[in-house]
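Data block below; observations after.
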Amino acid sequence: MRRMPAHWRILAALALATGLAMVLRRLGAEAPEGAPVHAVTASLISFCRFAGELFMRALKMLIVPLVVTSVVTGITGMRGVQGFGRLGMKTALTYLGTGSIAILLGLAMVNLLEPGLDGGVPNPVIRDAFASSAASAVSPDAARVAAAGERVPGDFLAVFRSMLPENIVHAATDNGQLLGLIVFGILFAVALTRLPEGELDTVHRFFRAAAAAMVVVTGWVMALAPFGVFVLILPVVYETGAHLFVNLGKYFATVLLALALHLFVVLPLILRIGFGVNPWAQLRAMRPALLLAFSTASSAGTLPVTLRCVEQGSGVSRRVTGFTLPLGASVNTDGTALYECVAVMFVAQVMGVELGFAGQFFVVAAALLTSIGVAGIPSASLVAILLILKSSGIPGGEAAVVALLSVDRLLDMSRTAVNVFGDSCVAVIVAKSEGETLRV
Ligand code: ASP
């Protein structure tokens, strides 16, 4: 019997987990206190949490060896720094271009739909909701935001700092410092290309074999993906109540609509009109990675699968993916950049702050810069949002971010999928411009 394709298995797991979580919520609400259903559900949720953590750890375990081996094989395979310079320039420009379009799209949508206003005036219900989130100052969310708030002023420079880690081993062990690891990997690989031909060949063959072994290990972890998605999603759906969507419904709609437009209209148009790529084939090739990004809310965690889909599905060479995708997972975050802009403008609307052209321009520039430094892990962009709110002098930033953090999961899952698709598009665009024959 033929096995079901990976994306169907993952989608089935997603649907099953959502259905079961909703049934459990219903049963829990109807059963009296102390009924066995509560104990069974609690055990199931803790099992899922633990199993989900194991799955995430397995994915994260792949990141450092994959980043190092792909960056090094990608660059040493190019033989010569000119090739790399050209590729690097194209990649950086495409990242900047798609990121800016995403932010402007977010800006247009938030100005058009005005989710923070009610009949043209700041929405008092949402403002109260912000205040009551801040009042629960003992919650872990509030503590996290307060900790981030303390180190926020002047932290725009953090992006540049993280490019040059003091200690490369430390960078490799810290999820947020992927960028430092990549920069070092690039320097190391470019230095290798300066070695005499014989020595370069030996090192290149070593890294190529190591990268091939990592692809095999990724395949093993991917075989567990449906189970991983099931155990990650079940607790999320079980704990997310409908009340969250009532107050913030218009905000959710604005973010999701803008993300959907970027994913299904803007990026496909760029692929089709600009580069003659079939966008639907590209979306199809990326299905397992998109579903995994959606389930894990981590583009760094999804990187192993993104690499696999772009190489095996879209047919892009390791030479291009090895460089563009690890870098993209760390710096190219279209969904995050768009979200940062919408969130900041939304808080400004709720707090009754009118941002003129200069104010909005600052938000756009800040979203572009900070999205580069946002780590590919769940809810990482909330710290950047707090930084932009504080720097633009919008009051109530911390209370607002606590409130947004407590309803972040669905939006995080959606923007992470957009981040991953954006990375894959850049890899395809660069490969196409290098004359590669693709399958999309
Ligand atoms: N979760 C996102 C990612 O992994 C980052 C964020 O926007 O919070 O790409």
Side-chain angles (χ1 to χ4, degrees), residues 52 55-57 59-60 62-63 66-67 95 98-99 102-103 105-106 141 144-145 148 152 155 158-159 162 174-179 182 228-229 232-233 236 251-252 255-256 258-259 262-263 267 286 289-307 324-344 346 366-389 400-426:
F55 179 65
M56 283 309 287
R57 291 175 81 96
L59 275 176
K60 287 181 186 164
L62 307 175
I63 297 175
L66 253 175
V67 164
Y95 283 160
T98 54
I103 296 177
L105 177 64
D141 284 348
R144 270 169 68 193
V145 172
V152 145
D155 251 7
V159 177
S162 69
D174 183 345
N175 266 329
Q177 290 209 28
L178 208 53
L179 188 54
I182 294 167
V229 165
L232 283 171
I233 289 296
V236 171
Y251 173 63
F252 270 69
V255 175
L256 294 177
L259 287 173
H262 194 66
L263 180 67
L267 289 173
M286 292 304 294
L290 295 182
L291 287 170
L292 200 67
F294 185 75
S295 311
T296 60
S298 168
S299 42
T302 311
L303 177 62
V305 184
T306 314
L307 277 161
T324 52
L325 291 178
L327 194 65
S330 153
V331 308
N332 181 47
T333 48
D334 288 4
T336 293
L338 180 156
Y339 180 66
E340 284 181 22
C341 180
V342 175
V344 171
F346 167 68
L368 194 60
L369 182 66
T370 53
S371 70
I372 294 174
V374 167
I377 53 176
S379 291
S381 49
L382 273 302
V383 176
I385 291 168
L386 182 57
L387 169 60
I388 305 175
L389 286 171
V401 170
V402 174
L404 295 184
L405 189 58
S406 61
V407 296
D408 192 42
R409 189 65 189 198
L410 175 66
L411 300 180
D412 196 7
M413 290 156 73
S414 312
R415 65 181 181 258
T416 307
V418 175
N419 288 345
V420 166
F421 189 63
D423 295 345
S424 81
C425 290
V426 173

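Indexing begins at 1, ligand by ligand and atom by atom, following the structure's order.
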Ligand 1 versus A297, non-hydrogen atoms closer than 4.0 Å: side chain, backbone, both, neither?
backbone
Between OG on residue S299 and CD1 on residue I377, distance to nearest 0.5 Å
9.5 Å
protein heavy-atom neighbour closest to atom 1 (N) of ligand 1 works out as D412 OD1, 2.7 Å
Using heavy atoms and a threshold below 4.0 Å, how should the contact between S379 and ligand 1 be classified: side chain, backbone, both, or neither?
backbone
Evaluate V374 for polar contact with ligand 1, using N/O atom pairs at a separation under 3.5 Å.
no
Within-cut-off N or O pair, A380 and ligand 1, under 3.5 Å
yes
Which ligand 1 atoms are under 4.0 Å away from a heavy-atom of T336?
5 (C), 6 (C), 7 (O)
Among all protein heavy atoms in this structure, tell me which lies nearest to atom 2 (C) of ligand 1, with the distance rounded to 0.1 Å.
T416 OG1, 3.3 Å
Fit a plane to each ring of Y251 and F346, take the angle between them on a 0 to 90° scale, and name the class: parallel (under 30°), tilted (30 to 60°) or perpendicular (over 60°).
parallel
Test of understanding: given a 4.0 Å heavy-atom threshold, classify the contact between T333 and ligand 1 as side chain, backbone, both, or neither.
neither
Assess the side chains of T333 and N419: does a donor N or O sit below 3.5 Å from an acceptor N or O?
no
Out of V383, L387, L389, which residue meets the side chain to side chain contact (heavy atoms under 4.5 Å, CB included) rule with V401?
L389
For atom 3 (C) of ligand 1, what's the nearest protein heavy atom and its distance?
S299 OG, 3.3 Å
Check if A375 has a non-hydrogen atom at a distance under 4.0 Å from any atom of ligand 1.
yes
Rounded to the nearest 0.5 Å, what separates atom CG in L232 from atom OG in S295?
7.0 Å
Side-chain contact test, heavy atoms from C-beta onward, threshold under 4.5 Å: evaluate it for D408 versus R415 and give yes or no.
yes
Ignoring hydrogens and geometry beyond distance, is a side-chain donor-acceptor pair present between S371 and E340 at under 3.5 Å?
no
Taking only non-hydrogen atoms of S381 and a 4.0 Å limit, the atoms of ligand 1 in range are 6 (C), 7 (O), 8 (O)
